[in-house]
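In this chain, numbering begins with 1 at the start of the sequence shown.
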Amino acid sequence: MKQNRKGLLLVVSGPAGVGKGTIDTALIERNPDMKMSISATTRNPRPGEIDGVHYFFKSSEEFERMIENDEFLEYMHVFNTNYYGTPRLFVEEELKSGHDVILEIDVQGAMKIRDSYPDAVLIFIAPPSMSELKARLIGRGTETADAVEKRYATAFDEMRYMDRYDYIVVNNVVDVAVCRVEAIIEAEKCRTVRSEALINRLLGGSEKP
C-alpha cells in the first residue's frame, strides 16, 4: 500500500576511488523514482554540459544573492575562485513530489547538510581496506603517483568523519553495496517518524471499533 510519503534526502560520501559514483549510478538505474541532486556553480560550462542537467550555471552575483536569501542547503567557495552549492528549492520540490534525492558530496558538505536538513540520511561508502583503496586509485590510471598519494592521504582525513554518518556501507562488490543502500532506504521509509500519515489514517479512519 503506497503511503504517499515525502522522499528521502540521501547524502552519499566517501574517499576518491571508493566507487560512490558507480553505486549512485546503479541506484538511479534500478530506482526510476530516485533523482540525483543538481548542484549550482559559478564555473563556466564545459563542452557538452547542459544548464539544469549537469549543473545550474550561475554568475557570481546570482550565487551570492542566493546565499543571502538562504537558498542553499550547503555551499562552498573553492580556492576563492568558484562557488558550488546545493539549491534548496530543487531538492525540496523533488522530495515533496515523493522522489528520493541522492546528494553525492564531500564530508564537509555532508556535515552542513546535517545541520540544515536534519532529516537527511547520511551514508558513508568505505573501502574494504586501505590497501584496496590505494590499488583502486592506482588502477584508474588517470593521475600521477604524487596525486595518488595526496588522494590517499586525504582519504584518511575524510574517514575520520565516518562515525558522524548514519550508516557505513563497505564497497567490496558493487551489487552487494547497492543492495545494502537499497535496504537502508527501505528501512528508513518504515521509521515511525516518517509514518505520521499512515498512523493518522489507521487510528483516525472509519474502521475504529
Are side-chain heavy atoms of [X] and [Y] found at a separation under 4.5 Å?
| X | Y | answer |
| --- | --- | --- |
| Val121 | Val11 | no |
| Ile105 | Ser13 | yes |
| Ile185 | Leu10 | yes |
| Leu95 | Tyr117 | yes |
| Met130 | Met159 | yes |

Just how far is it from atom [atom1] of [X] to atom [atom2] of [Y], taken to the nearest 0.5 Å?
| X | Y | atom1 | atom2 | result |
| --- | --- | --- | --- | --- |
| Met66 | Leu89 | CE | CG | 8.0 Å |
| Gln108 | Lys112 | CD | NZ | 8.0 Å |
| Lys35 | Leu9 | NZ | CG | 15.0 Å |
| Glu68 | Arg65 | CD | CZ | 8.5 Å |
| Leu8 | Asp100 | CG | CG | 4.5 Å |
| Ile125 | Tyr165 | CD1 | OH | 10.0 Å |

Angle between ring planes, Phe57 versus Tyr55, binned at 30° and 60°: parallel, tilted or perpendicular?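 Taking Tyr55 first and then Phe57, their aromatic rings sit tilted (interplane angle of 30° to 60°).
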
How about [atom1] on [X], more than 12 heavy atoms from neighbouring residues, nucleotides or ligands closer than 6.0 Å, or not?
| X | atom1 | result |
| --- | --- | --- |
| Arg180 | CZ | no |
| Glu132 | CD | yes |
| Arg164 | CZ | no |

For residues [X] and [Y], report the shortest heavy-atom separation together with the two atoms involved.
| X | Y | value |
| --- | --- | --- |
| Ile38 | Pro87 | O-CD, 3.3 Å |
| Ala155 | Pro15 | CB-CB, 3.6 Å |
| His54 | Gly48 | CE1-O, 3.5 Å |
| Ala177 | Asn171 | CB-OD1, 3.7 Å |
| Thr86 | Ser37 | CG2-OG, 3.7 Å |
| Ser116 | Leu73 | OG-O, 2.9 Å |

Tell me whether [X] is salt-bridged to [Y], with the criterion being a basic N under 4.0 Å from an acidic carboxylate O.
| X | Y | answer |
| --- | --- | --- |
| Glu188 | Arg191 | yes |
| Arg88 | Glu74 | no |
| Arg151 | Asp146 | no |

Is [Y] reachable from [X] through a run of I, L, V, M, F, W or Y residues, each pair having side-chain heavy atoms under 4.5 Å apart?
| X | Y | answer |
| --- | --- | --- |
| Val107 | Phe72 | no |
| Met111 | Tyr167 | yes |
| Val12 | Ile168 | yes |
| Tyr84 | Tyr75 | no |
| Val78 | Phe56 | no |

Is it the case that [X] and [Y] place a side-chain donor and acceptor less than 3.5 Å from each other?
| X | Y | value |
| --- | --- | --- |
| His99 | Glu94 | yes |
| Thr41 | Ser39 | no |
| Ser60 | Tyr83 | no |

Salt bridge (Lys or Arg N to Asp or Glu O under 4.0 Å) assessment of Arg114 paired with Asp166: CA-CA 10 Å; Arg114 163 92 346 141; Asp166 299 307; 2.8 Å; yes

Pair Lys134, Glu149 - check salt bridge (Lys or Arg N to Asp or Glu O under 4.0 Å), show working. CA-CA 8 Å; Lys134 192 167 189 178; Glu149 289 300 327; 2.8 Å; yes

Please evaluate residues Asp106 and Met76 with respect to the criterion side chain to side chain contact (heavy atoms under 4.5 Å, CB included), reporting the C-alpha separation (whole Å), side-chain torsions for both, the decisive distance (0.1 Å), and the verdict. CA-CA 11 Å; Asp106 66 14; Met76 63 189 302; 4.1 Å; yes

Run the numbers on Glu92 and Lys6 for salt bridge (Lys or Arg N to Asp or Glu O under 4.0 Å), then give the verdict. CA-CA 10 Å; Glu92 290 183 347; Lys6 167 177 164 175; over 6 Å; no

Does Lys58 count as lying over the ring of Phe63, i.e. NZ or CZ under 6.0 Å from the six-ring centre, within 45 degrees of the axis?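 Output no; distance or angle outside limits.
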
Show your working on side chain to side chain contact (heavy atoms under 4.5 Å, CB included) between Arg30 and Cys179 and close with a plain yes or no. CA-CA 10 Å; Arg30 289 166 54 152; Cys179 287; 3.5 Å; yes

Would you say the side-chain atoms of Glu62 pair up with the backbone N or O of Ser59, donor to acceptor, closer than 3.5 Å?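 Yes, the answer is positive, given that a donor and an acceptor are paired below the 3.5 Å cut-off.
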
